[in-house]
Amino acid sequence: MADLQDGPKSFTLMNQPLVVWLDGQGNPAAAEDRCCHRSAQLSKGIVVDGHIRCPYHGWEFDSMGACKKVPQLTEDFIPHTYKVSTFPCQARYGYVWVSLSLEPFTGIPDIPEAEDPQLRC
């Protein structure tokens, strides 16, 4: 989780390329690591005001996948079809947990030992 302070990170979960970043409230966000415009890797971009910015043309997406900025357009003219696929995720135990399902079939397991500072290195 602390690694996300430095910017977006890419990883693959079950053959699904993902980008993870911190949104405007400091919560983790996860999306497909592919811009809907020209398929550039979003993980090679930067985070601006909690949005992931594509490195290719500067399109910005929020944590729900909606396009919030296209440099050539005003916000009122951005089509609703400009979006990327996102995935539910949350921080717990110092890690980001991502579900590839829109509705995870179970919650993150309770690990009492992970909360005990005497058991941490």
Atom pair CG (L4) and CG (N27), whose distance is rounded to the nearest 0.5 Å: 11.0 Å

Gap separating the CG atom of L42 from the NE2 atom of H37, nearest 0.5 angstrom: 12.5 Å

Heavy-atom closest contact (K44 atom, P55 atom, distance): O-CB, 3.7 Å

Any side-chain heavy-atom pair of Q5 and L22 under 4.5 Å: yes

From CD (E75) to CD1 (I78), nearest 0.5 Å: 6.0 Å

Point-to-point distance, once rounded to the nearest 0.5 Å, from CG of L100 to CE of M14: 6.5 Å

Minimal non-hydrogen separation, W97 against P109, with atom names: CZ3-CD, 4.1 Å

Under 3.5 Å: donor-acceptor pair, side chain of D33, backbone of S43: yes

Parallel, tilted or perpendicular: rings of F61 and W59 (30°, 60°): tilted

Smallest separation among heavy atoms of L13 and F11, with atom names: CB-CE1, 3.9 Å

Approximate separation, where rounding is to 0.5 Å, of I46 CD1 and I52 CD1: 8.5 Å

Check: Y93 side chain, I111 main-chain N or O, donor-acceptor pair, under 3.5 Å: yes

Donor-acceptor pair, side chain of W21 and main chain of G50, under 3.5 angstrom: yes

Heavy-atom donor-acceptor pair, R38 side chain to Y56 backbone, under 3.5 Å: no

Crowding at NZ, K9 (>12 non-hydrogen neighbours, <6.0 Å): yes

